[in-house]
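Below, each value reflects all heavy atoms present in this structure, side chains not excepted, and no hydrogens, waters or symmetry copies.
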Amino acid sequence: MDRLPHEKGFHVSWDQLHRDARALAWRLQDARPEAGWRAVVAITRGGMAPAMIVARELDIRTVDTISVKSYNHQTQAEPRIIKSPDMEMVGDGSGVLVVDDLVDTGRTLEVVKAAMPKAHIATVYAKPQGRPQVDTFITEVSQDTWIFFPWDMALQYVKPYHGADD
């Protein structure tokens, strides 16, 4: 049976994202540099909610963003930085925690690592192709799974997978 790309989906609720981001924070406690984390840099837009939760859990008060555009809807394009963090503050990334929701192919993180080569990269979810770009993550999903985040969804009726032919 053939499926549309969205039918092999991993749907993440706000509650699940919150639990997984807190689990990421707990895991990051063991990766904490001796001098502590200097800052969190969220990869916008998807990394903003997890970064806020991680920053709260780890009591990190300095938070900034880096915006890398690598998708046009569901099609991946050449990644490019469209907004940098305060580079005087983040420097080479030493003591900086970069947080994103997901690593897919790893191309976005390649761009981020080039800008902050010593930063610690953490994602909530990881796909196998991008996994080598991440230092810490919580859940791995298959490469052909599309993750639906809560900010991309609305509640609506879904036809059952089997049965109930209308």
Side-chain angles (χ1 to χ4, degrees), residues 1-32 37 40-58 60 63 65-82 93 96-117 119-163:
M1 173 171 46
D2 291 331
R3 291 186 188 185
L4 296 172
H6 71 277
E7 291 179 311
K8 187 165 184 190
F10 182 70
H11 293 77
V12 179
S13 68
W14 284 110
D15 287 346
Q16 185 66 48
L17 181 74
H18 191 230
R19 280 189 299 271
D20 290 345
R22 288 187 76 207
L24 181 62
W26 299 333
R27 190 164 288 168
L28 287 165
Q29 290 180 95
D30 295 334
R32 182 179 173 267
W37 298 112
V40 169
V41 174
I43 299 178
T44 65
R45 294 172 304 212
M48 293 177 78
M52 181 262 317
I53 294 164
V54 167
R56 178 189 181 275
E57 292 298 317
L58 298 178
I60 303 168
V63 180
T65 61
I66 184 168
S67 184
V68 179
K69 185 173 183 179
S70 61
Y71 276 92
N72 288 323
H73 301 288
Q74 292 184 1
T75 305
Q76 203 162 34
E78 191 62 35
R80 60 187 175 87
I81 295 174
I82 58 176
V96 173
L97 180 56
V98 175
V99 178
D100 205 357
D101 55 353
L102 164 73
V103 61
D104 190 328
T105 64
R107 292 174 61 210
T108 296
L109 292 181
E110 287 173 2
V111 172
V112 171
K113 282 184 162 189
M116 296 175 280
H120 186 97
I121 309 292
T123 63
V124 182
Y125 306 104
K127 292 186 178 183
Q129 193 175 341
R131 168 65 187 94
Q133 298 292 335
V134 180
D135 298 306
T136 305
F137 72 98
I138 292 300
T139 302
E140 186 167 346
V141 298
S142 64
Q143 197 67 41
D144 62 344
T145 297
W146 187 265
I147 299 180
F148 291 91
F149 288 100
W151 48 84
D152 293 326
M153 297 185 297
L155 295 176
Q156 63 184 15
Y157 174 78
V158 175
K159 184 177 176 182
Y161 188 69
H162 281 236

As an exercise, state the distance from [atom1] of [X] to [atom2] of [Y], rounded to the nearest 0.5 Å.
X: Arg131; Y: Gln133; atom1: CZ; atom2: CD; answer: 10.5 Å
X: Leu28; Y: Glu57; atom1: CG; atom2: CD; answer: 11.0 Å
X: Thr136; Y: His120; atom1: OG1; atom2: NE2; answer: 2.5 Å
X: His11; Y: Asp152; atom1: NE2; atom2: CG; answer: 10.0 Å
X: Asp104; Y: Gln143; atom1: CG; atom2: CD; answer: 5.5 Å
X: Leu109; Y: Ile121; atom1: CG; atom2: CD1; answer: 5.5 Å

Closest heavy-atom contact between [X] and [Y]?
X: Ser142; Y: Pro128; result: C-CD, 4.1 Å
X: Val54; Y: Ala21; result: CG2-O, 3.7 Å
X: Ala122; Y: Val134; result: CA-CG1, 4.3 Å
X: Val98; Y: Ala119; result: CG2-CB, 3.7 Å
X: Pro132; Y: Lys113; result: O-NZ, 4.2 Å
X: Gly9; Y: Thr145; result: C-CG2, 4.2 Å

**Report entry** Flag, side chain of Arg27 to backbone of Phe137, donor-acceptor distance under 3.5 Å
**Finding:**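 Checking the backbone N and O of Phe137 against the side chain of Arg27, a donor-acceptor pair under 3.5 Å is found.
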Requested in this report: Indicate yes or no for a side-chain donor-acceptor contact from Asp100 to the backbone of Gly47 under 3.5 Å, with no hydrogens or angles considered.
Outcome: yes
Report task. Would you please name every residue forming a ring pair (Phe, Tyr, Trp, His ring centres under 6.0 Å) with Trp14, sequence neighbours left out? Result ->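 Counting only residues at least two positions away or on another chain, Trp14 forms a ring pair (Phe, Tyr, Trp, His ring centres under 6.0 Å) with Trp151.
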Requested in this report: Have a look at Tyr125 and tell me which of Asp20, Asp101, Thr139 forms a side chain to side chain donor-acceptor pair (under 3.5 Å) with it.
Outcome: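 So the option named by the test is Asp20.
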Query raised in the report: Any side-chain heavy atom of Val41 within less than 4.5 Å of one from Val112?
Result: no
**Report entry** Test side chain to side chain donor-acceptor pair (under 3.5 Å) applied to Asp15 and Ser13, step by step
**Finding:** CA-CA 5 Å; Asp15 287 346; Ser13 68; 5.2 Å; no
Requested in this report: Take atom CZ of Arg80 as the centre, draw a 6.0 Å sphere, and report whether it contains more than 12 heavy atoms from other residues, nucleotides or ligands.
Outcome: no
Query - Leu102/Lys127 under side chain to side chain contact (heavy atoms under 4.5 Å, CB included): CA gap, chis, key distance, verdict - result: CA-CA 8 Å; Leu102 164 73; Lys127 292 186 178 183; 4.2 Å; yes
Query raised in the report: What do the steps show when you test Gln29 against Arg32 for side chain to side chain donor-acceptor pair (under 3.5 Å), and what is the final call?
Result: CA-CA 5 Å; Gln29 290 180 95; Arg32 182 179 173 267; over 6 Å; no
